[in-house]
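The next block holds one structure in the form of structure tokens; read it before the comments.
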Amino acid sequence: MTAPRSGGDVSLNPAQRAAVEHGLGPLLVLAGAGSGKTRVLTTRVARIVDELAVPPHRVLAVTFTNKAAGEMRERIARLLGAEPRGMWIGTFHGIGARLLRLHADRVGRTGEYTIYDEDDTLTVVRRLMERERVSVKDFAPKAVVAAISDAKNALVPPEEYARLALTPLAKAAAAVYAALEPALRAANAVSFDDLLVLPVQILRQHADLREHYATRFEYLLVDEYQDTNHAQYEFVRLIAGPQGNVAVVGDDDQSIYGWRGADVRNILDFERDYPGARVVRLEENYRSTPDILALANVVIAQNAERRGKTLRATRPAGEPVTVLKALDDRDEADAIADEIEARRMRMRERPSEFAILYRTNAQSRPLEESLRRRSIPYRLIGAVRFYDRREVRDLLAWLRLAANPADDEAFRRAITVPRRGIGETTVELMAEAARGLGIPLLEMARRAGELDGMRPAARQALADVVRLAERFRASAADSSVDRLIVEILQATGYDEALRAEGPEGLDRLDNVRAMVEGAAETVVDDGGELGLRPLDHFLQKAMLIAAVDQMGPDADAVTLMTVHTAKGLEFPVVFISGMEDGLFPLARAFDDPEVLEEERRLLYVGITRAERKLFLTWAMSRRRNGELMPGILSSFLTPVPKERYEARQTSKLRGSASAFAYSSPAARRPGAPVARPAPTRSTVWETPSEEESQVAPRYTKGARVRHKAFGAGTILDLSGSGRDAKVTIEFDDETVGQKRLVVAFAGLEREDD
């Protein structure tokens, strides 16, 4: 029997054939990356229907995404030569919705029930929080929704959740959770999570239906079994019934969704759940070169909790894996962009053949900017571009207002960052009056007392906005942009508002920190010059980046995405950036062996996305959480023998004395301060102390200095100390004139040195 594969029809290898031709009884197919698992799954279904003459309606095939389900149906139809009518093929949620439609009365609904999306569910939860007297200021509705969602997917009912609740958030969520099901039932509605939970409830509570489906679906097939959570696991177990005629396909080495409830033990313990199960390992890889697979095998072998398999290449030898060491994160991004540019020229590789992967979304900013500077087209997958992210645009609104008090659109957004009780009705009342007077909204807010019909609370809120806007405009005249952003965060309370959003808000804070770091780099690029120019330059750069045309899915562009998002994809050339302890793996993983193993599986997934060339890049120092931290090569790579990869350094690193700054063990500790004349601070929210930047040279009035952009000049005045030290210089070039600079960023040299 044959099965399709890219490049034409090919015979199944022995392991694939064993999985396809397995008869009745439980089957576990451990399918390594690039081993043709989808081909095995679809060919097995076709054989069941075609050769074993099993009616299609007696087959149930379940996967995780609508795209995967659609591809599965199309492949099966091609193999059979006809549409498999009556066969249930779909996602867990799709199959659950179908079963629920048929038996909605068993859970207090009718067949016309409504499925609430995320926004609908959030609205209901917000209303229930008000009813249950749970403060939306103390507990973000999104965090409450997330807590309830986790409980549902773990099949923990409201009463049990209430008993187990220990934290303030859990106790608040418990009150809302108890009220949520009655509210949904009254509306004849279900949440997205209910599409898993309620079918399990139906099958558990009604033996007649449980027996009916276990008998009807003679063959049950499940794809990506390593990604199942407890609700999905229980759904499979109930449908499989006592005969256990279930075939699951998955890879324990690619289980990377523990943070959203997936349990790798479902696949590790399959034989315990289904005694007598047959296990087939697919180890022949059709995607990657031998060097890439050799590295992947060494990395994943360090995990203890795994079934064990070794990928074998079917492709000929190719380019070696490259581990590239950079001076810092900007140098790393530039080196990646330069490598792409060079390969496009030298090897005629198209932009679409490259993918840049990273552990966290916040890492995309320097990569995006390096690609943009070289006019290399790129598209961001799984996240909005950095300067299009909500939290970034929120802060840009305040910066724009500081730069231009007449920017009405910036004003409209700034008054909601964070929300302060100024509604749309108030804004429109102001806008109408402002149009009549020919003045900007900010000026109208200053004169809000002249407006009739405005609530006292709204007047006070507007007065606060005016006060803040004036304060930020004054700061912008004599402060670097990164300092200004930190001031905005603290003065508006926006940092606390993001923290109150729960896990999602913490991710947004990472992006805010990256924005602060980007602003600090702008000051460096501008030579440390103060005044409105740095802010204007920063805003111009941000707006130009945000205005880049969004690339479509078929665009010839470099792909940027997190490693999580890359699962299931493949690219000829792959860069995995940020290969440092504390970033990949994340620092918190070192406190939990299970999390550390999942981080290692995530790296394995990233490595096996590459077809013919893999780059692993890392930086000796990286701006993280507002601080320049030393980088240590990821401990995931230290077990890899040196002969398994080619070690390279960037040209900037080779020419830098910093390459030798980490000779002592103490200096190589994660978190130790970097011995470089760069600004550091413990968090992006703190005001730097005067002791910082002690390496900055001392200057005096009348001293002659040289600036890399403005040339030679004479110091006229000095103020501040430490990182706050500023100088006013009269430059010899009359077209430059006087400039006020931040010493820490200016890169000044004394002419007498």
Side-chain angles (χ1 to χ4, degrees), residues 4-7 31-42 63-72 74-75 91 223-224 226-227 249-251 253-257 260 262 282 285-289 292-293 295-296 299-300 311 313-315 318 321 336 340 343 349-361 363-364 367-368 371 377-385 550-578 584 598-599 601-617:
R5 193 182 72 179
S6 57
S35 63
K37 72 176 180 65
T38 305
R39 184 170 9 125
V40 167
L41 198 60
T42 54
T63 187
F64 272 81
T65 67
N66 289 313
K67 180 182 177 184
E71 289 176 352
M72 190 186 300
E74 289 173 7
R75 287 200 189 194
T91 64
D223 192 15
E224 303 285 9
Q226 79 280 350
D227 292 335
V249 181
D251 183 3
D253 289 334
Q254 296 188 72
S255 178
I256 59 173
Y257 297 117
R260 69 182 189 196
L282 304 184
N285 177 284
Y286 296 95
R287 176 188 300 154
S288 307
T289 61
I292 294 170
L293 295 183
L295 181 79
V299 167
I300 200 62
L311 295 179
T314 59
R315 296 183 58 166
V321 173
I336 291 173
I340 291 173
R343 292 182 71 95
E349 291 174 332
R350 301 189 312 278
S352 58
E353 296 182 67
F354 298 93
I356 306 175
L357 310 182
Y358 34 80
R359 179 62 184 85
T360 65
N361 275 312
Q363 290 171 254
S364 77
L367 295 165
E368 290 183 67
L371 293 171
Y378 70 88
R379 61 193 185 113
L380 206 61
I381 306 298
V384 293
R385 289 162 297 172
Q550 182 68 46
M551 298 292 177
D554 300 321
D556 189 15
V558 176
T559 299
L560 278 70
M561 66 178 90
T562 64
V563 185
H564 275 106
T565 307
K567 187 172 182 293
L569 303 177
E570 56 191 47
F571 299 89
V573 183
V574 170
F575 296 84
I576 304 180
S577 63
F584 206 164
E598 180 160 316
E599 288 281 300
R601 293 194 294 267
L602 184 60
L603 175 58
Y604 174 82
V605 166
I607 292 170
T608 54
R609 299 311 95 196
E611 296 175 356
R612 60 173 183 256
K613 177 65 181 180
L614 173 67
F615 293 88
L616 300 166
T617 67

Testing the basics here: between [X] and [Y], what is the closest heavy-atom pair and its distance to 0.1 Å?
X      : Y      : result
Met561 : Phe571 : CE-CZ, 3.7 Å
Leu380 : Ser364 : CD1-CB, 4.2 Å
Gly606 : Ile576 : C-CD1, 3.5 Å
Ala566 : Leu357 : CB-CD2, 3.8 Å
Met72  : Leu41  : CE-CD2, 3.6 Å
Ala313 : Ser288 : CB-O, 3.9 Å

Quick check against the 3.5 Å criterion: does [X] have a side-chain atom that pairs as donor or acceptor with the backbone of [Y]?
X      : Y      : value
Glu71  : Ala68  : no
Arg379 : Ala557 : no
Gln226 : Asp251 : yes
Ser577 : Tyr358 : no
Thr559 : Tyr378 : no
Arg609 : Lys567 : no
Asn285 : Ala33  : yes

State which residue, out of Val573, Val321, Val574, Thr289, fulfils the side-chain contact (heavy atoms from CB on, under 4.5 Å) condition with Lys613.
-> Val573

With Thr42, the side-chain contact (heavy atoms from CB on, under 4.5 Å) member among Lys37, Glu74, Arg75 |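 Answer after filtering Lys37, Glu74, Arg75: Arg75.
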
Worked verdict on Ile300 versus Ile607 for side chain to side chain contact (heavy atoms under 4.5 Å, CB included) = CA-CA 10 Å; Ile300 200 62; Ile607 292 170; over 6 Å; no

Does any non-hydrogen side-chain atom of Glu353 lie less than 4.5 Å from one of Glu611?
->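 They are not in side-chain contact.
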
Is any side-chain heavy atom of Phe584 less than 4.5 Å from a side-chain heavy atom of Val563?
-> yes

If I take atom [atom1] from residue [X] and atom [atom2] from residue [Y], how far apart are they, to the nearest 0.5 angstrom?
X      : Y      : atom1 : atom2 : value
Leu311 : Leu282 : CG    : CG    : 10.5 Å
Ile292 : Arg287 : CD1   : CZ    : 10.5 Å
His564 : Ile256 : NE2   : CD1   : 4.5 Å
Thr65  : Asp223 : OG1   : CG    : 8.5 Å

Stepwise, does the side chain to side chain contact (heavy atoms under 4.5 Å, CB included) test hold for Arg39 with Tyr286?
-> CA-CA 12 Å; Arg39 184 170 9 125; Tyr286 296 95; 3.9 Å; yes

Verdict with supporting geometry, Leu371 and Leu560, side chain to side chain contact (heavy atoms under 4.5 Å, CB included) | CA-CA 11 Å; Leu371 293 171; Leu560 278 70; 3.5 Å; yes

How far apart are the C-alpha atoms of Ile356 and Ile340, what are their side-chain angles, what is the distance that settles it, and do they pass the side chain to side chain contact (heavy atoms under 4.5 Å, CB included) test?
-> CA-CA 10 Å; Ile356 306 175; Ile340 291 173; 4.0 Å; yes

